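I have placed the structure first, in the form of structure tokens, so that the comments after it can refer back to it.
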Protein chains: 2
Amino acid sequence: MIAKNHLSAIYKNIAAEITQRIYKGVYPSGAYLPSENKLSQEFEVTRSTIRKALNVLKEKGTIESKQGKGYLVKELHWEQSLLQFYSFGQNIAQNIENPESKLLEHKKIKGLKSIDEFVSTELWQINRLRLMNEVPLILETSYIPIDYLKNFEIPELKQDSLYNLLKKNDNHVVRAKEYLEPVLPSLNDQELLEVKEDSCLFQTIRYSYDSENKLIELRESLIRGDHFSFSVEMTL
Amino acid sequence: MIAKNHLSAIYKNIAAEITQRIYKGVYPSGAYLPSENKLSQEFEVTRSTIRKALNVLKEKGTIESKQGKGYLVKELHWEQSLLQFYSFGQNIAQNIENPESKLLEHKKIKGLKSIDEFVSTELWQINRLRLMNEVPLILETSYIPIDYLKNFEIPELKQDSLYNLLKKNDNHVVRAKEYLEPVLPSLNDQELLEVKEDSCLFQTIRYSYDSENKLIELRESLIRGDHFSFSVEMTL
DNA sequence: AAGTGGTCTAGACCACGCC
DNA sequence: GCGTGGTCTAGACCACTTA
């Protein structure tokens, strides 16, 4: 039951409740939410209050409204949100074609000195190479506590995304922060990404957290700067 | 007068009209808009329709609502929006301290081959160095058609921002797109930014357009990657 | 006390998708 | 035709700011 609490508006409580249900899988991604009318009956408010609540989720990109159909729970929405800033080339909005992912290595390590949260945590280290049209573009290294990824089968990684695997282990990423820096490739990077020693790369580091604010993945990516570019657009 | 046109919702037309008034200076930045009640009288709609229109501008960052006071027209909001992605260092949210701007050079050039819009346009080329706490951080080169910046006095540049100068010449930037790439510094860059040849930089290229979609500034910035980092945060 | 934005109600009509 | 989301109205009460 949603409390009528004047310290925080009702629509915010409803938005939080619906978000929780999405986390917990009551409203699974790919499915539609109950209609505005049904939700307004359940929460005993008018349709406009429900609309205001749903609008909160819509702005965050958690759901998407389709006239005549309903509210669709989006999958991986936040990962796409991060990716929307990347584009290929400068003016061309090319589509992602023939994406491919090669698993280079996976092993257990005892911890990461440089990351406070992972200093003494047993981790999976997973190295992958991402290609597009057979051109190597991104070199990824993920670190995930083994506790969060107990059922880990190699073939799954080739088909499923890491986030889906985490989901199956009941770990839901709800917040992520990503940092970008320009770097030069190491010898190993040069070989794998097929670039020269003087061609700069983007290095991104992404921290992914669950709803309890625990770090569940650290991902370092090296991205070829000659094929990717980061872009931001602003309109008054 | 706002037409009741069912091809596009009324609130969108009102939002566009108010945006135009902000462009034209009817509602200058730093001032408050007329109240919701007054606007609903003028446009002959209910308060909720006005609120929906104002919400469009609020989401874009054009205006800001303050309970009990009104809607404040923000200044340079889009430039701040671009800047919000930059941060100093990785985890520290340091403030910008002792900012300084050195005018290195300014001259007229006959055009830029690499930019279609500027191939045969007489341009101002303005080179500036930005420092923070006496550390050189950003090397900027701006190209502006001389037609758009007729009254150009050197001392003004030291105090006023380029956008304010353009505004005084009745050129209002309403849209900008910025691209980011990792690059290595040239010899000249190394000297000015005080970095070594193997320390990577961010190169950003920003295109600024006015309301008629004319390119009014091209700005290339070289940013020290060891002091700046780009970051994006996403929340479900 | 008066004016402002923030929230919420109850009801209406429209445009879209599907059967 | 029916259910869905999208828009709009008319009015109420609240919280905040300023005088």
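Convention: sequence-line order gives letters A, B, ...; per-chain numbering from 1. Note that this is a predicted model, so its numbers are computed, not measured.
- With sequence neighbours excluded, the residues that form a salt bridge (charged side-chain N to carboxylate O under 4.0 Å, His left out) with B:K214 are B:E212.
- Between the side chain of B:W124 and the main chain of B:P145, no donor-acceptor pair closer than 3.5 Å is present.
- Taking 4.0 angstrom as the limit, A:K66 places none of its side-chain polar atoms (N or O) nearer than this to OP1 or OP2 of C:dG17.
- Although no hydrogens or angles enter the test, the distance criterion places no donor-acceptor pair under 3.5 Å between the side chain of B:R51 and the main chain of B:E36.
- Here D:dA15 presents its P atom at 14 Å from NZ of A:K12, a figure rounded to the nearest Å.
- Among residues two or more places apart in sequence or in another chain, the side chain to side chain contact (heavy atoms under 4.5 Å, CB included) test is passed with A:K66 by A:Y32, A:E64, A:K69, A:L72.
- Closest to the side chain of B:T49, from the set C:dT9, D:dT9, D:dG5, is D:dT9.
- A:R21 meets the salt bridge (charged side-chain N to carboxylate O under 4.0 Å, His left out) test with A:E17, A:E42; sequence neighbours excluded.
- Among the atoms of the strands shown, base atoms are found under 4.0 Å from some heavy atom of B:T46.
- In this structure the side chain of B:T19 reaches within 4.5 angstrom of the side chain of B:L57, judged on heavy atoms.
- Going from atom CZ of B:R51 over to atom C1' of D:dA10 covers 15 Å, rounded to whole Å.
- Distances were taken from every side-chain heavy atom of A:Y71 (C-beta onward) to each of C:dC8, D:dG6, C:dT7; the shortest belongs to D:dG6.
- What separates CD of A:E44 from C1' of C:dC8 is a distance of 15 Å, to the nearest Å.
- Distance CD1 (B:I63) to P (C:dG5): 10 Å, rounded to an integer number of Å.
- Whole-Å rounding puts the B:R47 CZ to C:dG6 C1' distance at 7 Å.
- The CD-C1' distance, from A:Q41 to C:dA10, rounds to 14 Å in whole Å.
- Phosphate proximity of D:dG5 to A:S65: absent, as no side-chain N or O sits under 4.0 Å from OP1 or OP2.
- Helix bend of the helix from C:dA1-D:dT18 to C:dC18-D:dG1: the angle between its two end axes, each built from five pairs, comes to 10° after rounding to 10°.
- With no hydrogens or angles considered, no side-chain donor-acceptor pair links B:E220 and B:T141 at under 3.5 Å.
- Across the protein-nucleic acid pair, B:I14 atom CD1 and D:dT9 atom C1' stand 13 Å apart, rounded to whole Å.
- Of the two residues contacting DNA chain C, namely B:S48 and B:E36, the nearest-nucleotide position lying further toward the 5' end is that of B:E36.
- If you check the side chains of A:Q41 and A:N37, you find no donor sitting under 3.5 Å from an acceptor.
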Between the protein and nucleotides 17-19 of chain D, are there any N/O to N/O pairs under 3.5 Å, and if so, what are the atom names and distances?
from: D:dT18; atom 1: OP1; to: B:K69; atom 2: NZ; distance (Å): 3.0

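- Scanning for side chain to side chain donor-acceptor pair (under 3.5 Å) contacts around A:S65 gives A:K58, with sequence neighbours left out.
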